[in-house]
Each structure stands twice: as C-alpha cells, then as structure tokens.
Amino acid sequence: MATAWDYAPAPESRDIVRIQERYGLFIGGKFVEPLSGERYTTIDPAREEPLSEVAQANKADVDRAVKAARGAFDGQWSKLRPSERAKYLFRIARILQERAREFAVLESLNGGKPIRESRDVDIPLAAAHFFYYAGWADKLEYAFPNRKPRPIGVAAQIIPWNFPLLMLAWKIAPALAAGNTVVLKPAETTPLSALLFCDVLRQAELPPGVVNIITGDGRTGAEMVAHAGVDKVAFTGSTEVGKAIQRTLAGTGKRLTLELGGKAANIIFDDAPLDQAVEGIINGIYFNQGHVCCAGSRLLVQESIYEATIAKLKRRMRTLRVGDPLDKNTDVGAINSKQQLDKIASLVQSGVDEGAEIYQPPCKLPERGYWFVPTVFTNVAQSYRIAQEEIFGPVLSVLTFRTPDEAIEKANNTPYGLSAGVWTEKGSRILAMAQRLRAGVIWANTYNRFDPASPFGGYKESGFGREGGRHGLEAYVALDDA
Ligand code: NAI
Ligand code: MG
C-alpha cells in the first residue's frame, strides 16, 4: 500500500512567451544593434539551456542611451502636463496586468523562480507600483507641501537578478512619475523580462527616449555610473558594488540611492503563535530560493521554545517541493546562476567547517540545472561566517536568546540593517523592539510582505534612500522653496 502521495507534475505552458533569437538595445524608442558588436547567451538556470542572445553594451552604447534620455527630457517629457505623464503610467500598469501570465512564465524561465511566486508576487506587485506612482504624478505638490518639486533629469538605474521585473518597476515608476527620463540596465543573468517590457512601452506609446533599456554586465553598469550626462544613479545589488559606485560618484554632485545586502534577524518570542511563526520563518528564508536582500536569514529563537520551534521547522521543511520553476506545485526553484550556486555552496561548507550543525531534508533534485536543498544550521555562533555574511540562498542560521535585550543586541550585531521580523503576542513588545532594531523595515507577525505604499530601504551597509511610498519620490525630485 502507498504510504506517501506524490504530486503529479503540473507544468505551466511556456507557449505564451515568444523569445527572440537575439535582442538589440532599446534606445530612443526602438531596438538598435549594439555599437560594441558583442553579444552573450542568456540561459534558463533550471535546464542550463540557452534562451537568447543579448547585447553587451559598451561605453559608446551607454553614451547613445544617455543622449536619447537627455533628448527626451529636454524635449517634451519634462514639460508634459503631470496628468498626461500619469496616463502613460496607468497604461503601463494595465498592460502589465493584461500580459501578466506571459511575464510570469518568462520571469521563471530566465530567473529560476517558482511560477507560483512570479505569478502571485512579482508581476502583480510590479503592476501595483506603476498604478501607485501613476497616482502621484499630478499630486507632487501634495507629496512635498510648501516645496516646489521638479524633475532631476536623466536617471541611470542598475538592478539585480532576484526580482527582475519588480526591481525595474521600483526604479522606473517613481522616476517617470516625477518627470525624469531613464536608462536602465537589468542584471546580466536576467535581461529577458526587461526586454519584453520594451514591448509594453511600445504598446503604451511612451514617447521615444523616455525609457531606454540596455543590457550587459558590470562593465556596462560602471560606464553608466561614470557617464557625465547622468544626474542620478539608483542601484540595487551587492554592498561591494554599492561602495564602488559611491566612490566613483563622490564629489560629482550626482544623486545616489543604494539598496544593498542584508542579514535580517527574524525574532521569535515564546508567546508567539508558533505554527504561524514557522510559516513566517519558511517564507522568510526559502521564498525565491533565499535570493532576497531582506530575507530572514538569521533566526533568533527564545530559548524556552527552541526545541519545539526547530522540530516544527524541520517537519515543515520536509514538505517543501524543490524543482521545476514552471511547475505550479514548486515551492523552491532553481538557483539563479552557477556563480551564485558556488557562493552558496562555499558559505555552507564554511558553516560545516566552523562547527555548526547542518540539516537538509531528503530531496530529489533534477539532474540538470542549478539547485540547492533548503538548509538550516543550528549550533551557530555569532562569529561564524554563516551568521555574519549574506548567503543569498536557501540557508538559515539559528541562534537563541533569553531576554529582549539579548535579542536586540544579537539582531543588531551585523554590518547590515535592511529588515527584521518580530513574532510575539504583545503589541507593546513589538513597538519596543521596532524602536531599537536598526533596520529599515520591520515586520511584526508576518514576513516578506510588500506594498507599493510602504517605503523600503536600509541602515548601515544595507544602503541609503527609500523606495516605495511617498518617500520613494524624494530620490527623483529636486525641491525648491515654494
Ligand atoms: P552585483 O552587485 O555585482 O550585481 C547587481 C547589478 O550591478 C547587476 O546589474 C550588475 O551587472 C551590476 N554591476 C556589477 N558590477 C558593477 C559595477 N562595478 N558598476 C555598476 N554596476 C555593476 O551582484 P552579483 O554579483 O550579481 O551578486 C553578488 C552578491 O550580491 C549576491 O550573492 C548577494 O549577496 C548580493 N546581491 C544583493 C542584492 C540585493 O537585492 N540587495 C541583489 C543581487 C545581489
Ligand atoms: Mg557582481
């Protein structure tokens, strides 16, 4: 007799996306051949199969894109009535909703994330950001009372591979709402949803040059940062590159916002609803394979409930389904790239070597593609690399505490400060903890919850500037006294 039930495969059809064999650069409202003459192959990390050839933009290509953005800014865009700007943003939002399934499949194909997440989180949130900022476009004087907001100019925007379309929306929506023009570069491993977005811009009839999308690796990003025609740089990615960008921009007068890494504490008090907290822990670290800057990667459990929490956590981990990102039953998809897989594997090895205890549920991984089994480390000392460094993978480190003071001290004992979670029944304790945690976003009795109206950003080495909400507009306006 069967003792366990297996899920039958439930793959989402990929027929809805038509990926071109090769792409140029989207500059001045159309695709152009890269002046560099160089291309590289972008792949499906779950199958290690090529998907398309995309351009590696060089200095001359960046220059061309910045000039197109400047032309559009000096031309009609910055002078357009704000309510007209809003119409374009509303259109983009609606088209994203109409084409949501196409974008979800493409996002999962090129990035490895489960279709359940791209379908239910990434794409709806991307559309929501455009809707939200569309609403602000003609109300900027209410966002900044007694000030005279005006656009800054050309924004160079560099985004990572963990939420490709969503990060594009976080960057482009507030920039356009405030009347700026944009040159955006997606990450080298996940260019395809940004390239499909160019077709949305065509459908929305956005004036040429307002948004330019160029592809390439870090060298292209560095050229964008260094270009003299850029007025503002917005970057999401590693702390290392963020620091390099800040060095390049020092003294130039260009505006900068940085959204960098994190090593968030997810803090569970002994009065927390434990089953809900375990769901929050799972969502906090295994959502999007842990490729999340605000991931709850350090679990702090109050000592008196340690055994019960770990037992429930391990039991829940055994039910996670790892595999084909396009399968609707998949919880944990593919690791985004070979490079990231190697980084995760080496940090996990360091945890074993330093003496932490590792647990990985039994798990059958596909033969091809980049995979990593959901992992939890117990017996972790604060000094271990797995407790200090951002792993950016499905790996959780567990620490314990006895008092709220000790929890605060341990939670803040990191160079980062992006997010944190607090699980407790006491409202007063939530407020007291939130005041003392040095983190930009603090979730209470939930985790990884996003809303376009809520600002997001870091303390310390997690960066500066806020994205989302009214705060997110600030980075894209110059404020004169009224
Ligand atoms: P990265 O910081 O190198 O890449 C992010 C973006 O910056 C990409 O578009 C890349 O092409 C661009 N870039 C790279 N070098 C640049 C430079 N010198 N100037 C301008 N742009 C540049 O991140 P990477 O190498 O993909 O991942 C390494 C680690 O960084 C991850 O393991 C993770 O810990 C962290 N990371 C954090 C992210 C976050 O959301 N905060 C996102 C991606 C990575
Ligand atoms: Mg890098």
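Both counts, for ligands and for their atoms, begin at 1 and track the order of listing. Here, residue 1 is the first one in the sequence, and each next residue gets the next number. From a predicted model like this one, the values you see are computed outputs, not experimental measurements.
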min-distance protein heavy atom vs atom 8 (C) of ligand 1 -> Ile159 O, 3.6 Å
Nearest protein heavy atom to atom 14 (C) of ligand 1, by residue and atom, and its distance? Gly218 CA, 3.4 Å
Hey, what's the ring geometry for Phe456 with Phe450, parallel, tilted or perpendicular (30° and 60° as the breaks)? tilted
Using heavy atoms and a threshold below 4.0 Å, how should the contact between Leu260 and ligand 1 be classified: side chain, backbone, both, or neither? backbone
Checking the side chain of Thr375 only, and the main-chain atoms of Gln360 only, is there a donor and an acceptor separated by less than 3.5 Å? no
State the CD-CD distance between Glu354 and Gln349, to the nearest 0.5 angstrom. 11.0 Å
When you measure from the heavy atoms of Trp161 to every atom of ligand 1, does any distance fall below 4.0 Å? yes
In terms of heavy-atom contacts, does NZ of Lys460 have more than 12 from other residues, nucleotides or ligands at under 6.0 Å? yes
Selection from Thr236, Thr190, Ile344 by shortest heavy-atom distance to atom 5 (C) of ligand 1: Thr236
Would you call the rings of His291 and Trp161 parallel, tilted or perpendicular if under 30° counts as parallel and over 60° as perpendicular? perpendicular
Nearest protein heavy atom to atom 3 (O) of ligand 1, by residue and atom, and its distance? Val241 CG2, 3.6 Å
Nearest protein heavy atom with distance in Å, relative to atom 30 (O) of ligand 1: Ser238 CB, 3.0 Å
Heteroatom proximity flag, Gly237 to ligand 1, N/O under 3.5 Å: yes
To the nearest 0.5 Å, what is the distance between CG (Leu249) and OG1 (Thr252)? 4.5 Å
In ligand 1, which numbered atoms sit nearer than 4.0 Å to a non-hydrogen atom of Cys293? 39 (C), 40 (O), 41 (N)
Please work out, at 4.0 Å between heavy atoms, whether the side chain, the backbone, both, or neither of Asp217 comes within that distance of ligand 1. backbone
Tell me, which protein residue and heavy-atom name are nearest atom 21 (N) of ligand 1, and how many Å apart are they? Gly221 CA, 3.6 Å
Please confirm whether the backbone N or O of Val233 pairs with a side-chain atom of Gln157, one donor and one acceptor, at under 3.5 Å? no
Ranking Lys243, Lys343, Lys185, Lys263 by closest non-hydrogen atom to atom 31 (C) of ligand 1, top hit is Lys343
Please work out, at 4.0 Å between heavy atoms, whether the side chain, the backbone, both, or neither of Gln340 comes within that distance of ligand 1. side chain
Checking heavy-atom distances from atom 11 (O) of ligand 1 to each of Glu223, Gln339, Glu188, Met224, the winner is Glu188
Closest to atom 7 (O) of ligand 1 by heavy-atom distance, out of Phe392, Phe235, Tyr416, is Phe235
What protein heavy atom sits nearest atom 34 (O) of ligand 1, and how far away is it? Glu390 OE1, 2.6 Å
Trp443 and Tyr447: CA distance, side-chain angles, deciding distance, ring-ring contact (aromatic ring centres under 6.0 Å, His included) verdict: CA-CA 6 Å; Trp443 285 290; Tyr447 207 91; 4.7 Å; yes
As an exercise, identify every atom of ligand 1 less than 4.0 angstrom from a heavy atom of Ala222. 19 (N), 20 (C)
Is Gly216 close to ligand 1, meaning an N/O of one under 3.5 Å from an N/O of the other? no
Return the closest protein heavy atom for atom 12 (C) of ligand 1 as residue, atom name and distance. Ile158 CG2, 3.6 Å
Going by heavy atoms in the side chains, are Trp77 and Pro207 under 4.5 Å from each other? yes
Are Leu96 and Phe130 side-chain neighbours, meaning at least one heavy-atom pair lies under 4.5 Å? yes
Ignoring hydrogens and geometry beyond distance, is a side-chain donor-acceptor pair present between Asn413 and Gln382 at under 3.5 Å? yes
Rounded to the nearest 0.5 Å, what separates atom CD1 in Ile267 from atom CH2 in Trp423? 12.5 Å
For atom 43 (C) of ligand 1, the protein heavy atom that lies nearest, with its residue and separation: Pro160 CB, 3.5 Å
